[in-house]
Amino acid sequence: MTGVVASAPGLGRRVATGRRRRALRRRGIAAALAALVLVLFAVSLMVGDTFYTPSEVLRTVLGQTVPGASFTVGELRLPRASMGALAGLAFGAAGVAFQTMLRNPLAAPDVIGISSGASAAAVVSIVLLGFDEAATSLVAIVAALLTAALIYLLAYRDGVAGTRLILIGIGVSAMLESVVSYVLLHAATWDLQTAMRWLTGSLNGATWDQLLPLALAVLVLGLVLLSREHDLGLLQLGDESAAGLGVRVERTRIVVIVAAVLLIAFATSAAGPIAFVAFLSGPIAARLVGGGGGLMMPSALVGAALVLGADLIGQFAFGNRYPVGVVTGVLGAPYLVYLLVRTNRAGGSL
Amino acid sequence: MTTAVGRRSGADAASARRPVPVRVTWLVVAVLALALVAAASVAFGVRAVTWSDVVAGVTGSSDTLAEAAVLKRVPRTVLAMLVGVALGLAGAVMQGVTRNPLADPGILGVTTGASLAVVTGFAFFGLAAPTTVIWVAIAGAAASAVLVYAIGSLGRGGATPLKLALAGAATSAAFSSLISAVLLPRVDALTDFRFWQIGGVGGAAFPRIAQVLPFLVVGAAICVLTARGLNSLALGDDVAAGLGEHVTRTRVLAALGAILLCGAATAVAGPIGFVGLAVPHLCRLLVGVDHRWLLPFSAVVGAVLLTAADVLGRLVARPAEVDVGIVTAILGAPIFIWIVRRQKVRAL
């Protein structure tokens, strides 16, 4: 195709210039997003009941002892902000992986019930079985994989239709969410704050112990997803075209599904199912960056910025402190409605 | 997708036109089943009681603990049956009005809307009078029904089942977040919180039932009166108009009846999902697609299912109770999935 276009005089050069300009723009926006995440991260460390200056925060982060700040920043705010950033990265990357693969912005893991699978398993494991954090993560991971497999199998009938998958996901997640509600509302020792973590997602009570597995998961699985991004883009052309271009279709699909589900499971078992982040990050990143290239990195950064920003809003914008999931839920749902309206207007494939 | 559904239900109509004796038989069976679950609902519960206790309790005696327990189960049973009637009927009417097999007050976000309206009223406007609560719930149900239908019917193809279900899921998610945001700082509202997130009939009392009863009666009457109109609507708007049906008027009237029913049911029992979805499908299998039979039958079967779900919720987790909203979600979601699997949808 490029040959046909380039045969017109001068066109080839213009296409090349345009491509270069777009690539430059994408890199610029990705850098701006990374800077935004850093700023939000820094603000999360500085702001709170006591304000600490950037230099105090920096010294604490570098390991020096600063009176007051060492505990508040080092033990409370740093784990909280790190968990927010990591969970956001995980949700953002996993969300866009699903959306790209299923070619539908609505096919995000939190809409199709995978997050609620991890959430339900985590609640049962903590409240009913009394497992510790490591075991809970494991249970959540297994449950998320099983939920994904179940939804896929239920949606399978002469191939998996996107619409059927989404509707079945809605049904499965309704069921799993009622399990979460039941367990939480009937556990007498369970307080509402902790319950909210599993109902909508919250960064309250983040500790260093929870962070290590999440950080490792984000690093390893994030790299796996990034390495498959190119093939994933080719899959959008359809299975046969992708195979013709040298993509191992089934293997790519399985690797991407497993990596994305694992990311969701790790993030959910640490921070709860933070509402709508996985769903929102991809479309927002696509709007910022524009089409025609990989969205994995921008979407992960948008996810981190969303979680950190929403947590700041939830903590300090109102008289009461709200968990981050309530904020992303309230912000995210209108966007979902807007997306539906826009897709419907455009006569999109719903 | 809509046309496929319409065509299918048309074909069903031919094959599923049940003779009157069959329908009457099924109706008698349903009423008997209702009597049976009502008896079970009074007899079984967290506290095991003897039959003599049941008889004494139902006749008003509360001398022993067992008899008092039975006495408390009577309004609960009545409420479960009323809410079941309301939701079964509302579901059947909604599926008829939207010509959508996935329509359900819970899935379309109508009950969550009612819930949010009531919670907002409690928190910010000092809402207390029970009759006002019912009006507010109905207003919330109506507003969210209009919103979801508007979002779902934009664009090409009108209100397809998928678009409506997604619009409903999105709206419900938004409303649930808002409900959490309103209730979270109010720890004193903890018991209410439970009630408005997951429906249940545990707190039933006769005075409250009496307040909500007129709304249910009016709503049910409107719904049953539109049965003939819904039959015409099932043929498609154009054919219905050709048959002399006032399409818009019928649709608005039927929707109004369904909203009255859901709003009032939510005001007294909280949001309960999937009853309105599952019941009409079951009933269509038994008595066919004629709404004049389907609506009353859905009402009776709705009462049977909700009461049975409540009894089940009391028995499975003794000594704790599982709220009926949770039982219906766990039993109803597989039915939802089954219906989705039967639909023809575009391949990926």
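Predicted model only: the values in this text are computed from it and were never measured. Chain naming here is simple, since letters A, B, ... match the order of the sequence lines and numbering starts at 1 in each.
Only the side chain of A/F276 has a heavy atom closer than 4.5 Å to any heavy atom of chain B. Of the atoms belonging to A/V327, not a single heavy atom falls under 4.5 Å from chain B. Looking at B/L102, only its side chain comes within 4.5 Å of chain A, counting heavy atoms on both sides. Neither the backbone nor the side chain of B/F175 comes within less than 4.5 Å of any heavy atom in chain A.
In this structure, the separation between CZ on B/F336 and CD1 on A/I168 is 8.5 Å, given to the nearest 0.5 Å.
The only member of A/L154, A/L150, A/I151 that meets side chain to side chain contact (heavy atoms under 4.5 Å, CB included) when paired with B/I337 is A/L154. Residue A/S178 is tested with B/D323, B/V322, B/I326, B/T328 for a side chain to side chain contact (heavy atoms under 4.5 Å, CB included); the sole match is B/I326.
When all heavy atoms of B/A329 and A/M175 are compared, the closest pair comes out as O-CG, 4.0 Å. Closest approach of B/R341 and A/L153 over heavy atoms only: NH1-O, 3.8 Å.
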